[in-house]
Visitor: 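Handing you this structure, nothing more for now.
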Amino acid sequence: MTLESLLIILIVGAIAGWLAGQIVKGYGFGLVGNIVVGIVGAALAGLLFPQLGFSIAAGILGAIIHATIGAVILLFVIRLIKRA
């Protein structure tokens with residue numbers, strides 16, 4: 001993994017985590033938390049979307065959308081677990 005790809009992963013994770021925090025109200029994790037939520041969300045979406053036959057556009061914008069949707073799913077699951 002090159003330094004550039006690591007930097008892109010961190011930036012996409014931060015943006016996706018922040019967007020997911022805005023969509024799912026009540027969640028603010030700070031910069032590091034947003035990066036973690038975004039990266040885990042991207043991994044979750046990467047596992048779920050191919051199983052569902054769902055595809056998103058390519059490139060950086062597609063990666064941000066992909067990671068954001070996965071992060072929103074992750075935050076909803078966390079919210080459901082906390083309520084139980």
Side-chain angles (χ1 to χ4, degrees):
M1 180 180 299
T2 64
L3 181 62
E4 292 135 357
S5 61
L6 181 61
L7 185 61
I8 289 171
I9 289 170
L10 293 175
I11 290 170
V12 167
I15 293 170
W18 178 78
L19 284 172
Q22 296 299 310
I23 294 169
V24 180
K25 301 294 182 194
Y27 286 96
F29 299 108
L31 181 61
V32 174
N34 286 341
I35 291 171
V36 170
V37 168
I39 291 173
V40 172
L44 178 67
L47 292 172
L48 290 178
F49 288 176
Q51 299 296 325
L52 299 173
F54 189 68
S55 178
I56 298 178
I60 298 280
L61 185 60
I64 291 171
I65 294 169
H66 187 256
T68 301
I69 293 171
V72 167
I73 293 169
L74 175 69
L75 292 178
F76 276 129
V77 169
I78 290 172
R79 180 180 281 180
L80 289 175
I81 290 172
K82 282 187 173 183
R83 287 186 183 183

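All values below were derived from every heavy atom in this structure, side-chain atoms included, with hydrogens, water molecules and symmetry-related copies excluded.
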Visitor: Treating Ile, Leu, Val, Met, Phe, Trp and Tyr as nodes and any side-chain heavy-atom pair under 4.5 angstrom as an edge, say whether Leu3 and Leu10 lie in one connected cluster.
Guide: no
Visitor: Show me the side-chain donor-acceptor pairs of residues 58-77 shorter than 3.5 Å, one per line, residues at least two apart or across chains.
Guide:
from  : atom 1 : to    : atom 2 : distance (Å)
Thr68 : OG1    : Ile64 : O      : 2.6

Visitor: What distance do Met1 atom CE and Ile8 atom CD1 have between them, rounded to the nearest 0.5 Å?
Guide: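 CD1 of Ile8 is found 11.0 Å from CE of Met1.
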Visitor: Taking only distance into account, with no hydrogens and no angle test, what donor-acceptor pairs under 3.5 Å do side-chain atoms of residues 36-44 form with protein atoms, sequence neighbours excluded?
Guide:
none

Visitor: May I ask whether Val24 and Leu48 are part of the same hydrophobic cluster, defined by side-chain heavy atoms of I, L, V, M, F, W, Y residues being less than 4.5 angstrom apart, directly or through others?
Guide: yes
Visitor: Are Val12 and Leu47 grouped together when hydrophobic residues (ILVMFWY) are joined by side-chain heavy atoms under 4.5 angstrom apart?
Guide: no
Visitor: Sort and list the pairs that fulfil ring pair (Phe, Tyr, Trp, His ring centres under 6.0 Å) and have at least one residue in residues 1-24, not counting sequence neighbours.
Guide: none
